[in-house]
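Numbered from 1 within each chain, the chains take letters A, B, ... in sequence-line order.
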Amino acid sequence: MTINWNGIETKWRNKWIESKDFETNPNDKPKKFITVAYPYPNSPQHIGHGRTYTLADVHARFYRMKGYNVLFPMGFHYTGTPVLGMAKRIGAGEKEILDGLRNIYHVPEDAIKTFVEPVKIADYFHEEIKSGMIEMGYSIDWRREFTTIVPGYQKFIEWQITTLKEKGRIIQGSHPVGWCPVDQNPVSQHDTMGDVEPKIDDKNFLIKFKFGNFIFPITTLRPETIFGITNLWVNPNTIYKKVTVDDEMWIVSEQCAKKIEFFEKQVKVIGEISGSEIIGKYATNHDGREIPVLPADFVEPSMGTGLVMSVPAHAPKDYQALMDLRIKNHELASKIEPIPIIVTEGYGSIPAKDICEKLGVSDQSDEKLEEATKALYLKEFTDGKLNDKCGQFSNEKVQFGRDKIRAWLQENNFLEKFPVLENAPVRCRCGAECVVKILNNQWFLNYGDESWKELARNCFDEMNILPNNIKTEFVEVIGWLHERACARQQGLGTKLPWDKDWIVESLSDSVIYMAYYTISRFVNDGTVTPENLTKELFDYVLLDKGDASLVASTSKLSVDTVNLLKKEFQYFYPVDSRHSGRDLVQNHLSFFVLNHVAIFPKEHWPQEIVVNGSVMMDGAKMSKSMGNIIPLRTAIKDHGADPIRLAIISSAELLQDADFNMESVSGIQNKLESLLEDCNAKVSDIGNLEAEDRWILSKTQSMISQVTEAIEKMRLREALHDILFTFESDLSWYAKRIEAKGRSDISGILHKINSARVAMLSPFAPHIAEEMWQKLGYNELVSKSSWPEYSKENIDATAIQSEEFLKSTIEDISNILKVTKITPKKIVLYVNSDSMKTKVYRKILEIMVGGQNNMGVVMKELIADPETSDAKKMPDFVQKVIKDLYSESETIKAMKLESESFDEKEFLAKELTSIGKKEFGVDITVYSENDSDIYDPKGKARHARPFKPAILIE
RNA sequence: GCGGGAGUCGCCCAGCCUGGUCAAAGGCGCAGGGCUUAGGACCCUGUCUCUAAGGAGUUCGUGGGUUCAAAUCCCACCUCCCGCACCA
């Protein structure tokens with residue numbers, strides 16, 4: 001039988017939609033509010049995106065069956081800049097992006113035509129993604145859907161950001177950004193050629209030297225080396241500019257003069273001076289020392305200020321340049337000696353000299369100098385210590401001393417920040433080379449605030465984080481988080497209410513929006529309009545502040561409506577579970593918590609975060625350039641939604657990267673097909689239970705308990721595994737037993753088992769589970785049925801334990817046959833009947849179930865008890881029993897202890913003969929050790945131990 | 001550099017928190033058998049080494065340690081992956 005997946009899926013999806021099953025309103029039942037980070041619609045979703053949503057959907061469906069009133073909503077995050085960049089590129093007719101849209105995403109031509117308008121791109125992919133979600137069978141309440149640029153949402157964001165400001169969480173300050181001087185805009189990855197992220201190095205500094213009335217500003221990553229300066233380097237072939245910078249006069253390269261204009265400085269060129277004119281003169285450093293200026297060709301005017309300070313003891317390039325001059329008998333250079341200021345193990349007094357000699361550097365143009373610089377820099381940073389040349393900082397480790405020296409210089413106006421683009425040159429898509437610009441009126445969320453962090457920590461302490469081992473990462477993130485820009489100058493979104501030049505940044509308008517799901521339903525159905533959503537209304541509904549009638553009048557709503565909104569929010573909040581990918585741990589998920597604790601009272605803080613890993617495709621990372629992206633909708637069409645859901649879930653535990661491949665999809669399809677075939681309507685009632693019936697029914701019970709617990713901890717792979725495979729091996733053992741006995745009266749039992757199994761499968765594979773449920777003869781939907789209840793009373797300890805006994809006996813026989821390669825003519829079993837052995841066995845069992853495993857201790861306890869003191873006569877037996885019991889689970893041991901009067905001989909004689917005959921093709925005879933008519937030609941019987949019959953094979 | 005994570009029997013991947021149920025689940029692959037006109041699918045058996053009695057030996061990145069007992073706990077080391085911000 002081949003399943004028409006899409007056909008089945010459409011059929012059941014329509015039933016769900018018809019019965020409005022997933023539309024959730026407050027009622028008397030306990031609620032669960034499960035949310036996933038909404039998507040940014042600038043491309044169709046692929047299988048990787050499907051993972052988070054699928055996990056959340058399983059979660060939601062599970063709790064629905066457990067009897068909760070589950071709200072699982074969805075929105076679309078339009079806020080941000082990527083679609084702006086896309087629209088621009090599409091407008092410019094860029095081939096690369098157009099090809100991508102046509103060939104990878106299969107966007108129709110007439111849709112592409114509209115894409116010059118950014119919102120149209122978002123609108124198109126919004127619908128595309130939504131369709132995919134519906135086709136995947138996600139149980140979403142679509143009545144609450146919104147995008148982040150609709151007026152109602154914007155009202156909500158205005159309220160959020162105003163509230164944060166009122167609570168003192170927002171501050172203003174300066175911040176460096178990558179900037180396009182032509183477009184007059186900040187640039188991010190999406191705005192640059194080759195999609196490079198402009199990386200800003202703000203550990204770069206400028207140190208000021210006096211040169212008459214002028215200042216020589218010199219950039220360095222190592223401010224501590226000022227103590228070891230011997231000279232400055234200037235390129236004799238460069239014409240430098242004399243410029244006024246605010247109220248100082250600087251000498252810098254032309255390129256540098258342009259850069260510092262973007263640092264909020266008033267810059268004016270007032271003259272020129274050539275490098276050769278400066279050479280040979282002296283500048284003054286911070287402590288008044290005279291520093292000579294020497295020539296060096298390696299000085300590039302485009303780097304830093306176009307001037308370089310020389311620390312030959314610690315900078316290989318400086319050392320080599322100095323040596324090169326000495327070789328040419330440069331008079332001044334010959335007098336200069338390196339000044340060592342850092343002591344590092346493994347290096348002599350002049351480390352730069354050591355490393356240059358070690359690597360065999362020939363001259364200052366030698367490429368090996370890069371390597372030397374890097375190696376020495378790192379080594380001195382991690383291991384080096386400042387020496388007594390460094391005054392008050394001597395004896396400090398470099399990595400700590402550097403910051404102190406930096407701060408000290410800054411205080412005394414010898415140092416300023418000089419952020420640079422680490423990966424320069426970065427080109428804007430317009431072609432211009434990007435610069436670093438310092439924005440001085442940027443708005444920040446003050447995540448660095450210790451009191452705020454403390455609140456977040458409190459929240460994390462009480463929150464359930466799944467999987468638990470990612471909790472430490474959250475704690476770390478909260479630790480190092482500091483001010484974060486919350487506004488930007490372009491892109492879609494909501495304007496800052498108090499400063500309309502800025503738009504609320506996209507990671508800041510997506511942190512508490514789950515609250516808006518409780519309101520959006522009423523906006524969407526017209527109960528309220530965006531104009532009604534006043535600050536007073538939000539305060540009342542979300543924070544329980546103010547008075548209903550007052551709020552009603554300012555928001556122009558009835559008191560009833562106002563209270564309806566409030567009731568809805570108070571019913572559904574807090575968020576019970578937030579699902580997201582692990583890449584969002586360091587930003588969205590942490591901000592989600594920080595913003596909740598800043599705005600809401602404790603009872604509305606999030607309860608749980610579930611983090612999942614990403615999806616790989618055949619072991620490789622999915623990427624557009626690799627061409628291995630499979631759009632989710634294509635995959636659904638080709639393989640069916642359920643197989644894809646299961647393939648995603650079954651390939652890895654929560655936090656692991658899941659590997660998606662077609663083999664696993666088809667494996668799952670086959671599995672589901674055979675499961676469907678196994679589902680038949682009940683044709684008989686359950687009659688008298690035999691041993692194997694009691695066993696399989698007990699197994700079903702423990703399976704239910706196991707699966708339920710696994711899902712509660714979101715160990716979905718494990719749960720699915722149990723449903724699909726562990727169950728299978730139990731059932732096949734059962735089938736074997738049934739067949740050996742020639743029974744045909746088990747359809748009632750199988751029906752019962754399959755019902756539980758299908759019900760548990762339904763959150764994972766909801767469509768096909770409905771089909772199975774129908775085949776099982778049910779008229780209602782499985783998604784509306786109750787989760788199978790686990791009851792301990794239905795577990796028959798004796799049945800489980802005795803079936804294990806049967807299995808292990810058969811295993812022993814097969815083992816012997818395998819090793820001896822005998823073809824058996826006769827199999828004889830001898831069960832223990834010695835009452836002393838039984839007593840000792842039970843006593844050992846008792847001791848070991850109590851947790852004691854030590855042979856010596858067990859023996860002592862045995863001897864101490866007069867009932868079992870004879871154990872000292874049979875140490876071999878005791879040792880073997882302990883060993884037997886080591887390899888048994890705690891539950892089996894406990895069960896053995898529970899089932900007191902178990903007759904091994906009767907059981908084996910009754911149950912083993914049928915299956916034994918089938919397995920080994922001969923009759924099996926069972927004797928008791930002390931039977932008078934015993935057949936025991938080889939004297940095997942005395943080896944019998946409780947639950948371990950002796951075996952004779954002829 | 002800072003922070004997080006991983007290394008398991010051909011491959012993928014469980015187990016580690018809570019030590020004994022672990023020669024270590026499951027899937028894939030491979031080998032043999034069944035089914036089939038054939039192929040596919042499906043089912044059974046095997047898949048570290050040795051073993052003519054249900055057993056033994058050597059394994060979980062490397063080296064130490066704790067323990068009656070270590071894949072699991074502790075220490076050190078090696079290797080690899082990911083994130084580091086104004087970007088969704």
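- Nucleotides of RNA chain B nearest to A:His721 and A:Glu476 differ in position, and the one nearer the 5' end is that of A:Glu476.
- When the nucleotides B:rG54, B:rA53, B:rA88 are ranked by their closest atom to the side chain of A:Lys938, B:rA53 comes out on top.
- With a cut-off of 3.5 Å on both Watson-Crick or G-U wobble distances, the partner of B:rC2 is given as B:rG83.
- Judged by Watson-Crick or G-U wobble contacts below 3.5 Å, the nucleotide B:rA69 has no partner.
- Counted by atom type alone, A:Trp502 and A:Gln442 present zero donor-acceptor pairs between their side chains at under 3.5 Å.
- At the heavy-atom level, A:Pro467 lies nowhere under 4.0 Å from the strands shown.
- Within 4.0 Å (heavy atoms only), A:Ile813 reaches no atom of the nucleic acid at all.
- Taking only side-chain atoms of A:Leu952, from C-beta outward, the nucleotide of B:rA88, B:rG27, B:rA53 with the closest atom is B:rA53.
- The residue A:His588 sits apart from the nucleic acid: no heavy atom pair falls under 4.0 Å.
- Using a 4.0 Å heavy-atom cutoff across all strands shown, A:Leu817 reaches no nucleic acid atom at all.
- Using the Watson-Crick or G-U wobble rule with both distances under 3.5 Å, B:rA52 pairs with nothing in any strand shown.
- Checking the phosphate oxygens (OP1, OP2) of B:rG54, no side-chain nitrogen or oxygen of A:Ser814 falls inside 4.0 Å.
- Remark: the backbone N or O of A:Thr726 is not paired with any side-chain donor or acceptor of A:Asp722 at under 3.5 angstrom.
- Here the side chain of A:Leu507 is nearest to one of B:rG83, B:rG54, B:rC87, namely B:rC87.
- The shortest distance between the side-chain N/O atoms of A:Arg488 and the OP1/OP2 oxygens of B:rA88 is below 4.0 Å.
- Nearest to the side chain of A:Arg717, among B:rC86, B:rC87, B:rA25, sits B:rA25.
- Taking atom CD1 of A:Ile668 as the reference point, atom C1' of B:rC28 lies 12 Å away to the nearest angstrom.
- With both ends at atom P, the span from B:rA41 to B:rG29 equals 8 Å, rounded to whole Å.
- Look at the C1' atom in both B:rC68 and B:rG63: the space between them is 24 Å, to the nearest Å.
- Rounded to whole Å, atom P of B:rC42 lies 11 Å from atom CD of A:Gln669.
- Pairing for B:rU37 is absent, with no Watson-Crick or G-U wobble pair whose two atom distances lie under 3.5 Å.
- When distances run from any side-chain atom of A:Asp812 to the nucleotides B:rG27, B:rC86, B:rG54, the shortest one goes to B:rG54.
- Contacts of A:Thr472 with the nucleic acid, taken as non-hydrogen atoms under 4.0 Å apart, involve only primed sugar atoms and P, OP1 or OP2.
- Residue-level contact check: A:Arg582 touches the backbone only, with heavy atoms under 4.0 Å from sugar-phosphate atoms and none from bases.
- No donor-acceptor contact under 3.5 Å links the side chain of A:Asn815 to the base of B:rG54.
- Checking B:rG4, B:rA88, B:rA25 against the side-chain heavy atoms of A:Tyr40 singles out B:rA88 as nearest.
- When both pairing distances are held under 3.5 Å, B:rU58 makes no Watson-Crick or G-U pair with any nucleotide shown.
- Between the CZ atom of A:Arg484 and the C1' atom of B:rC84 there is a distance of 11 Å, rounded to whole Å.
- A:Gln669 places a side-chain N or O within donor-acceptor distance of the main-chain N or O of A:His639, the cut-off being under 3.5 Å.
- Base pairing of B:rG26 is made with B:rC12, judged by Watson-Crick or G-U wobble geometry with both donor-acceptor distances under 3.5 Å.
- Rounded to an integer number of Å, the gap from CZ of A:Arg715 to C1' of B:rA25 is 13 Å.
- Heavy-atom neighbours of A:Glu709 CD from other residues, nucleotides or ligands within 6.0 Å: at or below the threshold of 12.
- Taking both residues in full, the closest heavy atoms of A:Leu806 and A:Arg737 are given as CD2-CZ, 3.3 Å, listed atom of the first, atom of the second, then distance.
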A:Tyr447/A:Phe591 under ring-ring contact (aromatic ring centres under 6.0 Å, His included): CA gap, chis, key distance, verdict: CA-CA 9 Å; A:Tyr447 291 142; A:Phe591 302 161; 4.8 Å; yes

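- For the P atom pair drawn from B:rU72 and B:rU18, the interatomic distance equals 14 Å after rounding to whole Å.
- A:Leu481 places its CG atom 16 Å from the P atom of B:rG3, with the value rounded to the nearest Å.
- At the heavy-atom level, A:Asn670 lies under 4.0 Å from the strands shown only through sugar-phosphate atoms.
- As rounded to whole Å, 21 Å separates atom P of B:rG3 from atom CG of A:Leu589.
- Taking atom P in both B:rG26 and B:rG39, the straight-line distance is 28 Å, to the nearest Å.
- At a threshold of 4.0 angstrom between heavy atoms, the contacts of A:Thr79 are confined to the sugar-phosphate backbone, with no base atom among them.
- Among the nucleotides B:rG4, B:rG55, B:rC86, the one closest to the side chain of A:Lys948 is B:rG55.
- No salt bridge links A:Glu224 with A:Arg406; every basic N to acidic carboxylate O contact stays at or beyond 4.0 Å.
- As rounded to whole Å, 14 Å separates atom P of B:rC86 from atom CD of A:Gln489.
- Taking atom CD on A:Gln586 and atom C1' on B:rC86, their separation rounds to 14 Å, with Å as the unit.
- For A:Arg578 and A:Phe592, the positive end sits near the middle of the six-membered ring, less than 6.0 Å away and at most 45° from its axis.
- Minimum atom distance to the side chain of A:Pro82 is reached by B:rC87, of the listed B:rC87, B:rU45, B:rG83.
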